Number of protein chains: 2
Amino acid sequence: MAATLSDVAQLAGVSIKTVSNVIHDHPNIRPATKQRVLDAIAAVGYRPNLTARNLRSGRTGVISLVLPTLRNPYFAELAEAVIEAAEREGLSVLIEQSRGADAGARASTAQLVDGMLFSTLGSEAEDTGLYAQLPAGPHSPVDHVTMRNTEAIRAATEHLLALGRRRIVALGARPGDTSGAGSLRLLGYRQALAAAGLDSRPELERAVESWTRFDGAAATEALLNSGTPFDGIVAFNDALALGALRTLGQRGIRVPEQVSVIGFDDLDDARYSLPALTTISPGREQIATLAVQMLAERIAERGEPLPARTITVPFALVERESTAQASAD
Amino acid sequence: MAATLSDVAQLAGVSIKTVSNVIHDHPNIRPATKQRVLDAIAAVGYRPNLTARNLRSGRTGVISLVLPTLRNPYFAELAEAVIEAAEREGLSVLIEQSRGADAGARASTAQLVDGMLFSTLGSEAEDTGLYAQLPAGPHSPVDHVTMRNTEAIRAATEHLLALGRRRIVALGARPGDTSGAGSLRLLGYRQALAAAGLDSRPELERAVESWTRFDGAAATEALLNSGTPFDGIVAFNDALALGALRTLGQRGIRVPEQVSVIGFDDLDDARYSLPALTTISPGREQIATLAVQMLAERIAERGEPLPARTITVPFALVERESTAQASAD
DNA sequence: TTGTAAGCGTTATCAT
DNA sequence: ATGATAACGCTTACAA
């Protein structure tokens, strides 16, 4: 059995209040008493019972991170960043998978956690379906931390344009999507083309089912088979780009000599692909840090609810081999 | 403020005991009363306070998974498997990073979790350094779920031997390691060679700092530069193998025609590399399931401590392109 | 069938 | 400077 406050108090010959005072470094404790208590704590190996403390304080020190899957490196890297940011705030992270409808309702609705962080695939239906599920009810304000989807893909496209590429493929359009990340990124691609005075060509906008390496490879396969000529690929995420690289490699098409490829996410994998992938770094660490901080503030402000805030973080374009300047063509 | 048992009781005009009875589906409740209580629960939006329940029961329903990093796909995939297994047991998973010495002591020593699962990189020092840290003290029994390191790498090596490979590289030896996964795998490699009547050649046993894609690529680079001829690579994990594939691809060496490559872990990535990687599937789902089950049993048996158990799970060799039979050489 | 009350281990408000 | 004692919200003997 674990030792409790009263065990310590009894051994030290004081009341539990005094022990509690010592633990919390309250002022006004006689040094002699304090020492006696500290000795008693050491003697019985006392550790505060966090559950009891939580019941009193109404807090648990735990937040949950709800995401679709850890097998997707994007989410794994985000989770790691969140865990580290949470640690800095003195919080632990419970990871839950959002299997469709029940977006992580388990531990959360049951007040096991002080707050929740949601990360989605950025598809439209997903985001909207989420709000209904929130434990605090649909009225409570929700903060958002977002990335510059449109601007970043526009910058990515302009990067290829600056290399002299003119037949640039947009890889990853999602047909039904009109407000999610997919459509924002498609918009950025179109903006870049328009600003460069190029017509957008439907046959260069390639749709995929999901933003995975597999679909990236398959879509590139289909693209090649269609005979449509192209000299650049703006993939809407790194997984798609890595899939594209695989297919291009298999077909003997040289990157970056014949085709430039750029991705989005700056996964660890992007550094080790062949060739190493140029990509957009969306500011993952900052997103994680801000999200955790905002949640921590909200947890601290219980009662007086803060207004909903939306923060957008800056991105960076990371140049690697897949868009290196072709020496000669 | 969240509604409590007494709020519900007051509204329904019964005692909290009755409400509690309804919640726990106790027998002997008059249907009319039950309905009244259920209505009241719905009316105030009552959700049981898990923290209070935990304080009473002494359990939290949370276990922690301590691992080095989620950025390593091996651990990300394991974490996902553990989360799913835990969900089946009605447990939530808190993920903690073991940053060196303090192997996840935070939430754990503080009784926030009912039990802990450790997954390490399998290096020797790491494992031994762990036991001292365990919250329950060094006496408490610890269960182990392990994979067949030696047998699996032996099978991998024999797979290459069966393809006619004779100059097989072991990629991933860790010099200082005499009891960790590295040495067990090296042993399997040597056993296979010995059984085939081949001498083990030191120049074919390539050491690396860490089992990463980066070091796999670098070690393969060094191997090629050394001029040592070879026709097969047994990598001690998939990351090393994927790094090797990258270097071989870069150098224009064809896999599997000139060199056969096999890995260990069966990461999702192994399916999408170029060429797709043959590998050892170490039984990850089973490991996760068994580990969670054993822990759940231990949590249930509080008091009467079970003896320490060690379970070893079977492996499977997954054949893909990187060891396809070369048609002609 | 339902109610009363004790207690889980803390923290915090009073007194003293 | 320290000690009683009442909460926190729940489960569960024991009574009624």
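Here is how names work: the chains are called A, B, and so on, in the same order as the sequence lines, proteins then strands, and each is numbered from 1. Please read these numbers as outputs of a predicted model, since none were measured by experiment.
Per the geometry, CZ belonging to B/Arg47 stands 12 Å off P belonging to D/dC10, to the nearest Å. Distance, B/Tyr46 OH to D/dG9 C1': 7 Å, rounded to whole Å. Summarising the geometry, the separation between CZ on A/Arg59 and P on D/dG9 is reported as 14 Å, rounded to the nearest angstrom. Nucleotide C/dG7 holds its P atom 17 Å from the CG atom of A/Leu55, rounded to whole Å. Taking atom NE2 of residue A/His24 and atom C1' of nucleotide C/dT11, one finds them 7 Å apart after rounding to whole Å. One can place NE2 of A/His26 at 12 Å from C1' of C/dT13, the figure rounded to the nearest angstrom. Between the C1' atom of D/dC8 and the CG atom of A/Asn54 lies a distance of 11 Å, rounded to the nearest Å. Atom CD in A/Gln10 sits roughly 15 Å away from atom C1' in D/dG3 (whole-Å rounding).
Using modelled atom types, one side-chain atom of B/Asn237 and one backbone atom of B/Trp211 make a donor-acceptor pair closer than 3.5 Å. At distances below 3.5 Å, at least one donor-acceptor pair connects side-chain atoms of A/Asp114 with backbone N or O atoms of A/Gly61. Panel note: side chain A/Asn72, backbone A/Tyr74; a donor-acceptor pair is recorded below 3.5 Å. Without hydrogens or angle criteria, B/Thr312 side chain to B/Arg148 main chain gives no donor-acceptor distance under 3.5 Å. Between the side chain of A/Arg36 and the backbone N or O of A/Ala12, at least one donor-acceptor pair lies under 3.5 Å.
B/Ala79 pairs by the side-chain contact (heavy atoms from CB on, under 4.5 Å) definition with A/Leu70, B/Leu65, B/Leu67, B/Leu70, B/Ile95, not counting sequence neighbours. The side chain to side chain donor-acceptor pair (under 3.5 Å) test applied to B/Arg53 returns no partner, not counting sequence neighbours.
When distances are taken from the side chain of B/Arg53 to each of D/dT11, D/dG9, C/dG9, the shortest belongs to D/dT11.
Here salt bridge (charged side-chain N to carboxylate O under 4.0 Å, His left out) pairs that include residues 23-33 of chain A, with residues two or more places apart or in two chains, are A/Asp25-A/Lys34. Residue pairs meeting the salt bridge (charged side-chain N to carboxylate O under 4.0 Å, His left out) criterion with at least one partner in residues 67-79 of chain A, sequence neighbours excluded, are A/Arg71-B/Glu77, A/Arg71-B/Asp268, A/Glu77-A/Arg284, A/Glu77-B/Arg71.
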Output one line per pair: protein atom, nucleotide atom from nucleotides 2-4 of chain C, and distance, for all N/O pairs under 3.5 Å.
{"unit_1": "C/dT2", "atom_1": "OP1", "unit_2": "B/Thr33", "atom_2": "OG1", "d": "2.4"}
{"unit_1": "C/dT2", "atom_1": "OP2", "unit_2": "B/Arg30", "atom_2": "N", "d": "2.9"}
{"unit_1": "C/dG3", "atom_1": "OP2", "unit_2": "B/Ser15", "atom_2": "N", "d": "2.8"}
{"unit_1": "C/dG3", "atom_1": "OP2", "unit_2": "B/Ser15", "atom_2": "OG", "d": "3.1"}
{"unit_1": "C/dG3", "atom_1": "OP2", "unit_2": "B/Thr18", "atom_2": "OG1", "d": "2.5"}

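Residue contacts for B/Ser20: at a heavy-atom cut-off of 4.0 Å it reaches a base atom on one of the strands shown.
Relative to the axis of its first five pairs, the axis of the last five pairs of the helix from C/dT1-D/dA16 to C/dT16-D/dA1 sits at 50°, rounded to 10 degrees.
Within the structure, every side-chain polar atom (N or O) of B/Arg56 is placed at least 4.0 Å from both OP1 and OP2 of C/dG7.
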